[in-house]
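FYI, side chains are in, hydrogens and waters are out, and symmetry mates aren't considered; it's all heavy atoms of this structure.
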Amino acid sequence: MENYAIEMLNITKRFPGIIANDNITLQLKKGEIHALLGENGAGKSTLMSVLFGLYQPEEGVIKKDGEVVKINDPNDANRLGIGMVHQHFKLVECFSVLDNIILGVEPNTAGFLQKAEAKQKVLALSDKYGLQVDPDAIIEDITVGMQQRTEILKMLYRENEILIFDEPTAVLTPQEIEELMQIMKGLAKEGKSILFISHKLNEIMEVADRCSVLRKGKYIGTVEIANTTKEELSRMMVGRDVEFVVAKDPANPTDVVLNVEGMTVASKLHHNNAVKNVSLQVRRGEIVCIAGIDGNGQTEFVYGITGLEPLKEGKIEFLGKDITKAAIRKRNVMGMSHIPEDRHKHGLVLDYTLENNLVLQRYFEPEFTNQAGFLKKDNIRKYAEKLIDQYDVRSGQGPITPARAMSGGNQQKAIVAREIDKAPELLVAVQPTRGLDVGAIEYIHKQIVKHRDAGNAVLLVSLELEEVMSLSDRILVMYEGEIVGELDPKTTTVEELGLYMAGAKRQ
């Protein structure tokens, strides 16, 4: 009799217009790292939300240590020792790291909050698992990687035995991913059982013991990682062979589209500047990539270019015109598109429908609005259906699905579709394939290359070293707000790139 920490037996979960989980069985052994793999919208997060008590299944049972349990809400899950790091973090932005960690389990004596001992416990855990975080930092001021560590500490602080990681590496840098893998292996060695949702086959191959695959809400099978290959897993996941290498011709750069001179942007975190005197050019027919470890000024640099943050010093020229102080809409209308780093904060209006999100920056054009100022709803619907079809954006109710109800990967596809379809002169793409499965990544890489080949400029910001190496024509490395090197992906190595990113080398 196998010793399972958790068994989810014949779980079915329905939403309007869709069966998200169709009779799925998943068994997690004690002390193992079990990966859950599947395309965007395959039902992985839904299944884990059922286990964490966020959703109630219509059919099926959950067993813990062989006993049937009823999980009505996350408090029940926590009492059973089940913790979850969500794909979109559940943190209170204006609270400190410490306040978020102890939220709901605040240590108190006679009703008075005892933060000092909680802080000691958090620092001890942070030290033990190599999760260097500052307990006093405010959530909205720290990097996404740090927010994720806060979520992990929330689970460890509650002494959870079963840890669910939902796409934990979607927002991390390569170095942070490496650290997270070590943390997960350490947790499993201590006897904790881990469920790890991911699209990234390399990570699954490196860290998991077994892997279960879902496709379109159905269970495909479970394999031992030691006896399988990346190719086999991708075939199980998307039902066909996938190309892992980006096919593209050499670049043929022509006129300058974006010219940045001496850009300096202030930091919200400290007194230093986040971007320090950066100058660069992006031309038609090339993909220029800004590489760097998260938190080295890439975010603020993109904010400066797209108009989300004012410049402290410097000048931006777009298509020969000075846009340093131009409004965001002006930049959009001139031909700049932006796939943002944070899809919820800057990419979508979550309570709008998918179709309305797809015309967010174009609704005022004659195609979508008549002379009296009323929306042409039929045209918006047709346009949305075209993009949904072209980019395979999956949702329960098609164009009228609220953006909030879609999986993270499908939200990302919707943003990419909207931004590329405008055929912009300059595409600023920040982590464009974040949280996407291999099939979707392959498609979006092809679209970006096609966009370049049509004579447009692409400024890519990516933390995925494979993406940086295979997609870019020129790599600029940013370290502590400065450009420290310009590399040619054809002649450089990942190791050399890593040295520049870590600040160990500069030109």
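Between the side chains of Gln147 and Glu151, no donor N or O sits under 3.5 Å from an acceptor N or O. For the 3.5 Å distance criterion, the side chains of Glu467 and Ser462 qualify, holding a donor opposite an acceptor. For the 3.5 Å distance criterion, the side chains of Ser198 and Glu167 fail to qualify, holding no donor opposite an acceptor. Glu300 and Ser267 are not linked by any side-chain donor-acceptor pair at a separation below 3.5 angstrom, with hydrogens and angles left out of the test. Checking Asn21 against Tyr219 by side-chain atom types alone, no donor-acceptor pair falls below 3.5 Å.
Other residues, nucleotides and ligands place more than 12 heavy atoms under 6.0 Å from the NZ atom of Lys230. Around the CD atom of Glu466, the shell of radius 6.0 Å holds no more than 12 heavy atoms that belong to other residues, nucleotides or ligands. Heavy atoms from other residues, nucleotides or ligands lying under 6.0 Å from NZ of Lys185 number more than 12.
With hydrogens and angles ignored, the 3.5 Å screen pairs no side-chain donor or acceptor of Thr228 with any backbone N or O of Glu224. Of the possible polar contacts, one joining the Thr369 side chain to the Tyr363 backbone as a donor-acceptor pair under 3.5 Å is found. Remark: side-chain polar atoms of Tyr443 are paired, donor with acceptor, to backbone N or O of Gln390 under 3.5 angstrom. Proximity of a side-chain donor or acceptor of Ser395 to a complementary backbone N or O of Met406 within less than 3.5 Å is not detected. Within the 3.5 Å criterion, the main-chain N or O of Asn277 finds a donor-acceptor partner in the side chain of Thr264. For Gln298 (side chain) and Gly292 (main-chain N/O), a donor-acceptor pair under 3.5 Å exists by modelled atom type. Judged by distance alone, the side chain of Thr46 and the main-chain N or O of Ala20 form no donor-acceptor pair under 3.5 Å. Checked by atom type and distance alone, the side chain of Thr492 never pairs as donor or acceptor with a backbone atom of Asp488 at under 3.5 Å. A donor-acceptor pair under 3.5 Å is formed between the side chain of Lys44 and the backbone N or O of Glu39. Side chain of Asn456 to backbone of His451: a donor-acceptor contact under 3.5 angstrom is found.
Between Leu91 and Lys154 there is a side-chain heavy-atom pair separated by less than 4.5 Å. Annotation: side chain of Asn100 is in contact with side chain of Ile139 (closest heavy-atom distance under 4.5 Å). Inter-residue side-chain proximity for Gln281 and Val257 is flagged as unmet; no heavy-atom pair is nearer than 4.5 Å. Within the 4.5 Å cutoff, side-chain heavy atoms of Leu214 are placed close to those of Leu36. Between Pro399 and Leu354 the shortest side-chain heavy-atom distance does not fall below 4.5 Å. In this structure the side chain of Val85 reaches within 4.5 angstrom of the side chain of Gln148, judged on heavy atoms. No side-chain heavy atom of Phe165 sits under 4.5 Å from any side-chain heavy atom of Met84. Between Leu187 and Ile194, some side-chain heavy-atom pair lies under the 4.5 Å cut-off.
Relative to the six-membered ring of Phe364, Arg329 meets both conditions, a distance below 6.0 Å and an angle of at most 45° to the axis. For the pair Lys13 and Phe15, the cation-pi criterion (under 6.0 Å, within 45° of the ring axis) is fulfilled.
The distance from atom CD of Gln431 to atom CD of Gln412, rounded to the nearest 0.5 Å, is 8.5 Å. Atom NZ of Lys315 is separated from atom OG1 of Thr324 by 7.0 Å, given to the nearest 0.5 angstrom. Distance check: Leu360 CG to Glu419 CD gives 9.0 Å after rounding to the nearest 0.5 Å. With values rounded to the nearest 0.5 angstrom, Arg404 atom CZ is found 11.0 Å from Asn357 atom CG. The NZ atom of Lys382 sits 14.5 Å away from atom CG of Leu387, with the distance rounded to the nearest 0.5 Å. Between the CZ atom of Arg474 and the CD atom of Glu286 there is a distance of 4.5 Å, given to the nearest 0.5 Å.
A pairwise comparison of heavy atoms in Ile316 and Met263 identifies CD1-CE, 3.9 Å as the closest pair. Pairing each heavy atom of Ser45 with each of Asp166, the nearest pair is OG-OD2, 2.9 Å. The heavy-atom pair separating Ser470 from Val246 by the smallest distance is OG-CG2, 3.5 Å. Minimum interatomic distance between Leu233 and Cys211 (heavy atoms only, all atoms of both residues): CD2-SG, 4.1 Å. Between Leu26 and Ser212, the shortest heavy-atom contact is CD1-OG, 3.5 Å. Between Val438 and Ser234 the shortest heavy-atom distance is CG2-CB, 4.1 Å.
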Stepwise side chain to side chain contact (heavy atoms under 4.5 Å, CB included) test for Leu280 and Leu476: CA-CA 9 Å; Leu280 58 84; Leu476 300 172; 3.8 Å; yes
Lys276 and Glu482: CA distance, side-chain angles, deciding distance, salt bridge (charged side-chain N to carboxylate O under 4.0 Å, His left out) verdict: CA-CA 6 Å; Lys276 301 166 191 164; Glu482 297 175 280; 5.1 Å; no
Trace of the side chain to side chain contact (heavy atoms under 4.5 Å, CB included) decision for Ile475 with Val468: CA-CA 7 Å; Ile475 301 171; Val468 171; 3.7 Å; yes
Test log, rule salt bridge (charged side-chain N to carboxylate O under 4.0 Å, His left out), inputs Glu206 and Lys200: CA-CA 10 Å; Glu206 183 189 332; Lys200 298 183 184 171; over 6 Å; no
Audit row: Lys268, Glu309, salt bridge (charged side-chain N to carboxylate O under 4.0 Å, His left out) steps and yes/no: CA-CA 11 Å; Lys268 290 185 167 172; Glu309 283 284 331; 3.1 Å; yes
Verdict with reasoning, Lys330 to Asn332, per side chain to side chain contact (heavy atoms under 4.5 Å, CB included): CA-CA 5 Å; Lys330 171 127 196 254; Asn332 281 338; over 6 Å; no
Salt bridge (charged side-chain N to carboxylate O under 4.0 Å, His left out) between Glu442 and Arg240, intermediate numbers included: CA-CA 12 Å; Glu442 175 192 43; Arg240 63 177 173 85; 3.0 Å; yes
Worked verdict on Ile11 versus Asn23 for side chain to side chain contact (heavy atoms under 4.5 Å, CB included): CA-CA 5 Å; Ile11 300 290; Asn23 189 23; over 6 Å; no
Verdict with reasoning, Tyr303 to His346, per ring pair (Phe, Tyr, Trp, His ring centres under 6.0 Å): CA-CA 11 Å; Tyr303 283 3; His346 297 127; 5.3 Å; yes
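Checked for salt-bridge contact, Lys376 and Asp378 miss the test: no charged N lies under 4.0 Å from a carboxylate O. A salt bridge is absent between Asp22 and Arg14; no separation between the charged side-chain nitrogens and carboxylate oxygens falls under 4.0 Å. Electrostatic pairing of Lys248 and Asp453 does not count as a salt bridge here, judged by no charged N lying under 4.0 Å from a carboxylate O. Under the 4.0 Å criterion applied to side-chain N and carboxylate O atoms, Glu140 and Lys345 are not assigned as salt-bridge partners.
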